[in-house]
Amino acid sequence: MENEFTFALGPLAISASIITTWGIMLVITAIAWLSTRHLAMLPGALQTTVEGIVATIDEAVSAVAPEHGRQIMPFIASLWLFLIIANLLSLIPGLHSPTQDLSVTSALAIVVFFSVHWFGIKTQGLKKYLHHYLKPSPILLPFHIISELTRTLALAIRLFGNMMSLEMAAMLVLLVAGFLAPIPILMLHIIEALVQAYIFGMLALVYVAGAIQSQQLNSPE
Amino acid sequence: MEFNLSTFVLEIINFLILIWILQRLFYKPLLEVIAKRKQFIDQSLSEAKNLKLHAEQQCSLYENRQKLWEQEKQAALNELHRQLEAERRAALDKLNADLEQERQKAKVTLSRQQQELRQQTEKQALQNGAKFAGMLLQQASGPELEARLFSLLLDNLTTLPEACKLCLTTLSTKKSIPIKITSAYPLADEMRGQLEQKLTSLINSPINFQYHQDVALIAGLRMDIGAWVLNANLQHELVGFTEIGYESE
């Protein structure tokens with residue numbers, strides 16, 4: 001995967017992944033605007049669909065973090081929606097998924113990393129939140145720090161590796177088998193894209209929920 | 001697979017912008033409308049629940065009221081039956097009483113009719129008896145019987161009760177006392193003399209004797225002394241016999 005299309009915007013180099021991300025953002029924003037333009041108590045087909053999606057995500061988030069579900073739901077839902085569309089984008093000929101770019105997955109992982117601490121500090125306060133790194137014993141502090149870093153790294157590499165390898169494997173199979181196996185490969189791509197988006201979002205949710213509820217989990221009660 | 005810092009930074013910014021846009025444009029209005037609908041549904045459910053509760057209360061109330069009405073109806077029906085039974089019994093008792101009264105009346109009437117018939121019969125029998133006895137005595141009577149009845153009259157005058165004697169004494173205050181002597185047969189002078197002597201001994205005033213003959217007497221005499229009538233004849237006896245028969249009834 002290479003950033004074939006690159007131009008400079010001042011000091012910033014605009015890669016194809018960024019442009020694709022903007023496209024995805026534009027599509028998502030357009031769908032969001034169109035679907036919420038005329039919200040009614042008796043919903044139409046589009047409103048029912050988007051309400052179903054949001055309600056399902058809200059229930060999933062609330063199931064993991066019942067007390068703070070509504071607080072972290074926008075972040076997790078945005079991750080899921082963005083990743084699903086981004087992962088499935090490579091099914092369209094001529095387009096490449098931005099999640100095949102390590103910079104993009106790393107950015108998302110970093111956002112998750114900071115979100116974990118942001119929500120944890122916001123919920124519990126800085127002192128209490130940092131105090132949970134010293135539990136059950138201060139000796140474990142380095143391991144906590146290593147765990148935080150490695151899981152963020154794993155988050156970025158997992159998504160990047162899977163999406164890139166999926167496309168590469170698909171290309172290799174297509175090269176070997178010609179036009180005999182495109183449909184199963186496409187189906188595999190769809191499943192893999194959905195699974196990876198789900199895994200990334202769910203891991204982010206678990207990390208954030210763990211940060212929010214760490215005080216409760218570590219407390220004797 | 002190279003890492004690009006610009007892409008990394010821009011991607012972070014892009015994603016944060018996306019979150020902000022979706023939060024403003026997508027999640028917030030959708031969650032609000034979902035919450036509003038949920039609130040509306042909850043409110044509807046609550047109203048339905050209240051309505052159901054109210055309906056159940058009303059149902060229970062009306063069931064109780066219906067039960068009370070049934071009880072009242074049953075009580076009224078029982079009261080009506082009781083009154084009807086009482087009225088029927090009273091009417092029956094009255095009817096029985098009237099019937100008994102009518103029966104008693106009929107019985108009394110019948111008894112009276114029977115008694116009257118018996119009296120009539122007895123009276124007729126007595127009259128017939130007296131008639132037959134009169135006819136028999138008319139055939140069997142004669143001067144001898146007359147003499148014997150005359151003798152009996154004299155004896156009776158001798159042994160008059162004190163009340164009769166007192167009555168005769170009161171007649172003595174009058175100047176002249178008419179005594180009507182009626183006999184079935186003509187009295188002989190001797191007999192007239194004995195009779196006048198006897199009466200004179202009883203009454204101290206002058207006496208005007210008047211003699212008559214009446215065959216209806218059959219045998220014997222009858223003396224009319226003022227309002228006092230002394231009978232010693234068969235007709236009087238027969239009449240007396242008949243009257244005794246009446247009195248005995």
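The analysis underlying the following values was restricted to heavy atoms, covering all of them including side chains, and did not include hydrogens, waters or symmetry mates. Every chain is numbered from 1, with letters handed out A, B, ... down the list of sequences.
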Check each atom of [X] against the heavy atoms of chain B and say whether the ones under 4.5 Å are side chain, backbone, both or neither.
| X | result |
| --- | --- |
| Ile24(A) | neither |
| Leu81(A) | side chain |
| Val111(A) | side chain |
| Thr21(A) | side chain |

**Q.** Distance in Å, Glu11(B) CD paired with Leu108(A) CG, rounded so as to fall on 0.5 Å steps
**A.**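 Atom-to-atom, Glu11(B):CD and Leu108(A):CG are 5.5 Å apart.
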
**Q.** chain A contact residues among residues 22-33 of chain B, heavy-atom distance under 4.5 Å
**A.**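 Checking residues 22-33 of chain B against chain A gives Leu22(B), Gln23(B), Leu25(B), Phe26(B), Tyr27(B), Pro29(B), Leu30(B), Leu31(B), Val33(B).
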
Q) Heavy atoms under 4.5 Å from chain A: which residues of residues 64-95 of chain B carry them? A)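 Contacts with chain A: none.
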
Q: May I have all residue pairs that pass side-chain hydrogen bond (donor to acceptor under 3.5 Å, both in side chains) and include part of residues 54-64 of chain A, sequence neighbours excluded?
A: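 For residues 54-64 of chain A, and leaving out neighbouring residues, the side-chain hydrogen bond (donor to acceptor under 3.5 Å, both in side chains) pairs sorted by first residue read Asp58(A)-Arg70(A).
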
Q: Give a yes or no answer on whether the side chain of Ser103(A) reaches the backbone of Asn4(B) with a donor-acceptor pair at less than 3.5 Å.
A: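 Here the side-chain-to-backbone pair exists.
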
**Q.** Ser78(A) side chain vs Ile19(B) backbone, donor-acceptor pair below 3.5 Å
**A.**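 No, because the side chain of Ser78(A) does not come within donor-acceptor range (under 3.5 Å) of the backbone of Ile19(B).
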
(Q) What I want to check is whether the side chains of Ser17(A) and Thr7(B) have a donor and an acceptor closer together than 3.5 Å. (A)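 Checked: Ser17(A)/Thr7(B) side chains show no N/O donor-acceptor pair below 3.5 Å.
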
(Q) Ignoring hydrogens, what is the shortest heavy-atom contact between Met25(A) and Asn14(B)? Give both atom names and the distance. (A)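 Closest pair (atom of Met25(A), atom of Asn14(B), distance): CE-O, 3.3 Å.
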
Q. Ala13(A) and Leu10(B): which non-hydrogen atoms are nearest, and at how many Å?
A.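 Scanning both residues, the minimum pair turns out to be O-CD1, 4.3 Å.
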
Q) More than 12 foreign heavy atoms under 6.0 Å from OH of Tyr198(A): is that the case here? A)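 12 or below, so no.
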
**Q.** Heavy-atom neighbours of Gln120(B) CD exceed 12 at 6.0 Å
**A.**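 For Gln120(B), atom CD is not crowded (no more than 12 foreign heavy atoms under 6.0 Å).
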
(Q) Using only non-hydrogen atoms and a strict under-4.5 angstrom cutoff, which residues of residues 35-44 of chain A touch chain B? (A)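 Ser35(A), Thr36(A), Leu39(A), Ala40(A), Met41(A), Pro43(A), listed by number.
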
Q | Any Phe8(B) side-chain heavy atom under 4.5 Å of Val104(A) side chain | A |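 Not in contact.
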
